[in-house]
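Taking it in order: structure first as structure tokens, then the write-up.
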There are 2 protein chains.
Amino acid sequence: MEKTPENCQVEDALGILVGKWKPVILLYLLQEGTKRFSELKRKMPGITQKMLTKQLRELEDEDIIQRVVYAQVPPKVEYSMTDYGRSLEPVLDAMHDWGAKHTVRKVLKADQVKSS
Amino acid sequence: MEKTPENCQVEDALGILVGKWKPVILLYLLQEGTKRFSELKRKMPGITQKMLTKQLRELEDEDIIQRVVYAQVPPKVEYSMTDYGRSLEPVLDAMHDWGAKHTVRKVLKADQVKSS
DNA sequence: CAGCATCCTGGTAGATACTG
DNA sequence: CAGTATCTACCAGGATGCTG
């Protein structure tokens with residue numbers, strides 16, 4: 001597929017990644033494997049149950065993550081990356097690498113302002 | 001910089017890329033070089049002047065693109081990528097590649113539903 | 001030509017409370 | 001434990017009109 005602006009496929013990846021907590025959720029699942037709902041919640045202080053549920057549902061709808069419910073009491077639900085979801089890893093890597101450089105740059109710039 | 005979720009640098013790249021028209025604008029400037037305001041506007045039927053201005057300003061504030069104003073009548077303003085902005089290209093590439101695969105996958109999935 | 005000022009709207013995010 | 005159900009706040013995005 002050509003990389004012309006008229007034929008922009010960037011939006012798809014963007015659409016899946018946008019959401020205040022999605023990148024973090026994906027990084028957890030990619031690096032630490034399967035996680036329970038409560039584990040994810042604990043890892044992300046500040047997120048509400050509603051938001052976590054919503055973001056997970058959206059990722060599930062896109063087949064990026066998998067949701068497994070255990071029929072037991074108390075309930076147990078586990079989330080993990082799908083093989084397909086793992087294909088997003090290079091994208092996240094590229095973004096992370098760029099973000100790291102960008103952060104460094106912002107710090108340098110702030111220094112310049114200070115010393116001027 | 002480590003790629004731990006606690007230290008997520010993905011958001012930075014995401015923050016710069018989100019905006020309904022930013023990826024397209026960047027692809028135009030990356031692939032076709034310097035462009036005037038009106039040229040960009042013509043390329044993107046549907047965008048309003050206000051939105052184009054806004055998106056361009058935001059990209060400029062992040063030093064991704066450069067804005068050059070020619071003191072003449074009628075006014076002429078040209079936009080181009082900065083060297084720094086060009087460093088985003090691998091990110092856009094990664095996202096485009098993924099998006100292209102994703103599109104194919106969605107088509108296949110739709111077919112499965114139809115033939116079932 | 002390029003852009004600002006104003007007003008409007010829908011959806012994302014969040015706070016809070018309740019349930020199988 | 002892992003969710004729904006409401007309600008509220010905010011802002012990106014958009015329509016329209018004016019200007020150096």
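Naming: A, B, ... by sequence-line order, numbering from 1 per chain.
Geometric assessment of A:Lys35 against the ring of A:Tyr79 yields a negative cation-pi assignment under the 6.0 Å and 45° thresholds. Figure legend: cation-pi geometry between A:Arg105 and B:Tyr84, with NZ or CZ positioned under 6.0 Å from the six-membered ring centre and within 45° of its axis.
In this structure, A:Lys35 places its NZ atom 17 Å from C1' of D:dA2, rounding to the nearest Å. One atom, CG of B:Leu52, and another, C1' of D:dA12, lie 16 Å apart when rounded to the nearest Å. Distance A:Glu11 CD to D:dG13 P: 11 Å, rounded to the nearest Å. In this structure, A:Phe37 atom CZ and C:dG20 atom P are separated by 18 Å, rounded to whole Å. Between the C1' atom of D:dA2 and the CG atom of A:Leu56 lies a distance of 11 Å, rounded to the nearest Å. In this structure, B:Glu39 atom CD and C:dG3 atom C1' are separated by 17 Å, rounded to whole Å.
Among the heavy atoms of the strands lying under 4.0 Å from A:Lys76 are primed sugar atoms or P, OP1, OP2 only; no base atom is included. Among the heavy atoms of the strands, none lies under 4.0 Å from A:Tyr70.
In terms of phosphate contacts, A:Arg57 brings a side-chain nitrogen or oxygen within less than 4.0 Å of OP1 or OP2 of D:dT4. Listed pair A:Arg36 / D:dA2 meets the phosphate criterion, a side-chain N or O lying under 4.0 Å from OP1 or OP2.
Judged purely by distance below 3.5 Å, without hydrogens or angles, the side chains of B:Gln9 and A:Thr103 pair a donor atom with an acceptor atom.
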ask   = Quick one: what's the B/S/- string for nucleotides 10-17 of chain C, heavy-atom cutoff under 4.0 Å, read 5' to 3'?
value = --SSBB--

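Rounding to the nearest 0.5 Å places CD1 of A:Ile47 at 4.5 Å from CG of A:Leu52. Note: A:Met95 CE to A:His102 NE2 = 11.5 Å, rounded to the nearest 0.5 Å. Here the CD-OG1 distance, from B:Glu58 to B:Thr53, works out to 11.0 Å after rounding to the nearest 0.5 Å.
A:Trp98 has its side chain out of reach of B:Val10: every pair of non-hydrogen atoms, C-beta onward, lies at least 4.5 Å apart. The closest side-chain heavy-atom distance from A:Lys41 to A:Gln49 is below 4.5 Å.
Closest to the A:Val77 side chain, of the nucleotides C:dA2, D:dG3, D:dC1, is D:dG3.
DNA chain D is contacted by A:Arg67 of residues 59-68 of chain A, taking any non-hydrogen atom closer than 4.0 Å.
Electrostatic pairing of A:Glu32 and A:Lys43 counts as a salt bridge here, judged by a charged N lying under 4.0 Å from a carboxylate O.
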